[in-house]
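Note: hydrogens, waters and symmetry copies are ignored here, and every other heavy atom, side chains too, is used. This one's a predicted model, so the numbers in the text were calculated from it and none came from an experiment.
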Amino acid sequence: MTNDKLDDWLEIGKIVSPQGLSGELRVYPVSDFPERFEVPGKRWLLRSGETEPQPIELLTGRYISNKNLYVIKLAGVENCNQAEALRGCTLMVPASDRPQLGEDEYHVLDLIGLEVFMQASGELVGTVVDIIPAGNDLLEVKLHPSFATDKGQMTNTSAALSTSDKGQITNDKKQKTVLIPFVEAIAPVVDLKSNRIEITPPAGLLEINN
């Protein structure tokens, strides 16, 4: 059951744990915009079990790049116990507060769930399940079973493809995924209305044979 009240809000991150003893919090971001966590000002906090976010003041924030986390300080959260009480809470902003995007920019949340097709053949490759921030963002695509089968099973895959210009295969029995650089040369068509991305991968990008 969806909560209509939350249609007016955008989730920007989830509090995952306290950081240190002074009330700082670790936040896993679902927003592409660093200012959400680094620029002081009002944010909204949705506590577990509640249906309406409450205003809260962001005092400071910094990015921990090797963990893809922000460490933030909220007003009124002074110690580890108070921080611990916020574990699992969601940080929100009003939906009207979406930053204006340039022509070739997209919100991360808009890309997750899009279907990925080969532009030349129209073949369904899979579905975007995550976006991994890197020099160029990487689309993590869960391969469609028929595509994975067509191209050979990923058993004993040597993930020797570098992520700089080729994809990286992850060999996981539960979920076969491939990382695709989100650059115009490889993903020239992003059609949010049709829920699709078309890709023109270079040779080897999606090779999953031994």
Distance (rounded to the nearest 0.5 Å) between [X] [atom1] and [Y] [atom2]:
X: Ile112; Y: Leu139; atom1: CD1; atom2: CG; value: 10.0 Å
X: Leu25; Y: Leu69; atom1: CG; atom2: CG; value: 11.5 Å
X: Arg47; Y: Ile15; atom1: CZ; atom2: CD1; value: 8.5 Å
X: Asp137; Y: Ile131; atom1: CG; atom2: CD1; value: 7.5 Å
X: Met92; Y: Trp9; atom1: CE; atom2: CH2; value: 7.5 Å
X: Ile12; Y: Leu10; atom1: CD1; atom2: CG; value: 9.0 Å

Closer than 3.5 angstrom, by distance alone: can the side chain of [X] be matched with the main-chain N or O of [Y] as a donor-acceptor pair?
X: Lys73; Y: Ser22; value: yes
X: Ser121; Y: Glu123; value: yes
X: Gln54; Y: Glu52; value: yes
X: Glu50; Y: Leu46; value: no
X: Ser31; Y: Glu11; value: no
X: Arg26; Y: Gln19; value: no

Closest approach of [X] to [Y] (non-hydrogen atoms, all atoms of both residues):
X: Gln82; Y: Gly76; result: OE1-O, 3.5 Å
X: Leu205; Y: Pro181; result: CD1-CD, 4.0 Å
X: Asp110; Y: Leu192; result: O-CD2, 3.8 Å
X: Arg87; Y: Pro18; result: NH2-CD, 3.6 Å
X: Pro188; Y: Thr200; result: CD-OG1, 3.8 Å
X: Asn68; Y: Pro29; result: O-CD, 3.3 Å

Under the salt bridge (charged side-chain N to carboxylate O under 4.0 Å, His left out) criterion, do Arg36 and Asp97 qualify, and how do the steps go? CA-CA 10 Å; Arg36 300 289 201 199; Asp97 190 32; 3.0 Å; yes
Cluster check [X], [Y]: I/L/V/M/F/W/Y, side chain < 4.5 angstrom:
X: Ile180; Y: Val189; value: no
X: Leu124; Y: Phe147; value: no
X: Ile64; Y: Leu21; value: no
X: Leu86; Y: Leu58; value: yes
X: Leu59; Y: Leu45; value: no

Could you walk me through whether Leu111 and Val190 pass the side-chain contact (heavy atoms from CB on, under 4.5 Å) test, one step at a time? CA-CA 9 Å; Leu111 298 174; Val190 179; 4.0 Å; yes
Can you label the angle between the Tyr70 ring and the Phe37 ring as parallel, tilted or perpendicular, going by 30° and 60°?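 Ring orientation, 0 to 90° scale: parallel.
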For the residue pair Val125 and Met118, establish whether any side-chain heavy-atom pair is separated by less than 4.5 Å.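 The answer is yes, as the side chains (C-beta and beyond) meet within the 4.5 Å cut-off.
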How about Gln119 and Ile199: do any of their side-chain heavy atoms sit closer than 4.5 Å?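 Gln119 does not reach Ile199 side chain to side chain.
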Verdict with supporting geometry, Ile197 and Asp191, side-chain contact (heavy atoms from CB on, under 4.5 Å): CA-CA 6 Å; Ile197 294 176; Asp191 188 341; over 6 Å; no
Please report the C-alpha distance between Val141 and Thr177 in whole Å, then the side-chain angles of each, then the deciding distance to 0.1 Å, and finally whether the side-chain contact (heavy atoms from CB on, under 4.5 Å) criterion is met. CA-CA 5 Å; Val141 176; Thr177 63; over 6 Å; no
For a salt bridge (charged side-chain N to carboxylate O under 4.0 Å, His left out) check, start with the C-alpha distance between Glu24 and Arg62, then their side-chain angles and the critical distance, and finish with the verdict. CA-CA 11 Å; Glu24 286 189 318; Arg62 63 186 186 278; 3.0 Å; yes
Around Tyr63, counting heavy atoms of other residues, nucleotides and ligands shown, do more than 12 lie under 6.0 Å from its OH?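 Yes - once you tally the heavy atoms of other residues, nucleotides and ligands closer than 6.0 Å, there are more than 12.
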Is it the case that atom CD1 in Ile132 sees more than 12 heavy atoms from other parts of the structure closer than 6.0 Å?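 Atom CD1 in Ile132 is packed in, count exceeds 12.
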The test is side-chain contact (heavy atoms from CB on, under 4.5 Å); show your working for Val16 and Val27 and say whether it passes. CA-CA 6 Å; Val16 288; Val27 175; over 6 Å; no
